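Notes follow the structure.
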Amino acid sequence: MDNYLDLMRARREQILERFYAALDRAGRPHDAASLIAVSKTVGVDETVAAIQAGYRHFAENRPQELVRKLTGLAEHPELPEVRFDMIGNLQTNKINAVLGSAELIHSVGSLHLAQAISSRAVRKIEAGELVGPQRVLIEVNVSGEESKRGFSPDEIRAAAGELAELEGICVQGLMTMAPRGNKDVARRTFAGLRELRDELEAAHPDLNLPELSCGMSEDFESALEEGSTLVRLGRVVFSPEFAVK
Ligand SMILES: *Cc1c(COP(=O)(O)O)cnc(C)c1O
């Protein structure tokens, strides 16, 4: 793991340099966005190395893996505290495993799922097992790709009022995934997410959507230039083979 830790440290320097340069180009302050290390493809040891390299904010895309990482890290009380978010498809029967363990659930892609999280969170709050509403983001399929999950822009326009009123959850922003392989389309997807957020906030004064979760290993700089507040980086953080430009 020593070599891996050295690699992670060097990689982190490179990533942060690009991260801050992108914010500079957009005239945004350096604390306008956070970098999330997506640890879904690595084990507890690599996650420990990432913490030692300086990362404090992580995300997982499967509930079982979130639990595995939290359990594994509990055996390292010497490490600083870190935060985990949930970014993947969430089945209703797995919600209870994630409630309270994930600080933010980025992947609420249907009204049905939002309602299911809401009712379980209300129950947990009443039982004293959850301190406050679960923070969530709404996943939107901005690019319209068939393969992508999430609300279509029209669906979220129709459902936003109802989402804002659900108890037990607090909607804090929007999340999207850009299509792979085309930088112009990716940038337009990120800009589209920001414009949709502005439109929803204007239409619903009770909705406050400061968070925009977008940008991954291949496109995080353009996401930051378009207003992302949470970039989710997997391969560029953890994979020695990933080509860093
Ligand atoms: C895996 C994953 C990422 C990270 O992808 P990379 O291209 O490896 O940076 C980001 N967001 C979600 C939802 C993911 O599933």
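Ligands are counted one by one from 1 in listed order, and the atoms in each one are counted from 1 as well. Because the structure is predicted, anything quoted here is derived from the model rather than measured.
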**OP:** Could you tell me whether the side chain of S118 and the main chain of A114 form a donor-acceptor pair under 3.5 Å?
**Re:** no
**OP:** Cation-pi check, R12 to Y55: give yes when NZ or CZ is under 6.0 Å from the six-membered ring centre and within 45° of the ring axis, no otherwise.
**Re:** yes
**OP:** Taking all non-hydrogen atoms of both residues into account, name the closest pair between S217 and L233 and its distance.
**Re:** N-CD2, 3.8 Å
Quick one: table the atom pairs, ligand 1 N or O against protein N or O, below 3.5 Å, distance rounded to 0.1 Å.
| residue | atom | partner | partner atom | Å |
| --- | --- | --- | --- | --- |
| ligand 1 | 7 (O) | R235 | NE | 3.3 |
| ligand 1 | 7 (O) | R235 | NH2 | 2.8 |
| ligand 1 | 8 (O) | R235 | N | 2.9 |
| ligand 1 | 8 (O) | R235 | NE | 3.1 |
| ligand 1 | 9 (O) | S217 | N | 2.9 |
| ligand 1 | 9 (O) | S217 | OG | 2.5 |
| ligand 1 | 9 (O) | G234 | N | 2.8 |
| ligand 1 | 11 (N) | R232 | NE | 2.8 |
| ligand 1 | 15 (O) | K40 | NZ | 2.8 |

**OP:** Please check if atom NE2 in H30 has more than 12 non-hydrogen atoms from other residues, nucleotides or ligands closer than 6.0 Å.
**Re:** yes
Original post:
What pairs with E145 under salt bridge (Lys or Arg N to Asp or Glu O under 4.0 Å), at least two apart in sequence or on another chain?
Top reply: K148
Original post:
When the ring planes of F58 and F238 are compared, do they come out parallel, tilted or perpendicular, using 30° and 60° as the limits?
Top reply: tilted
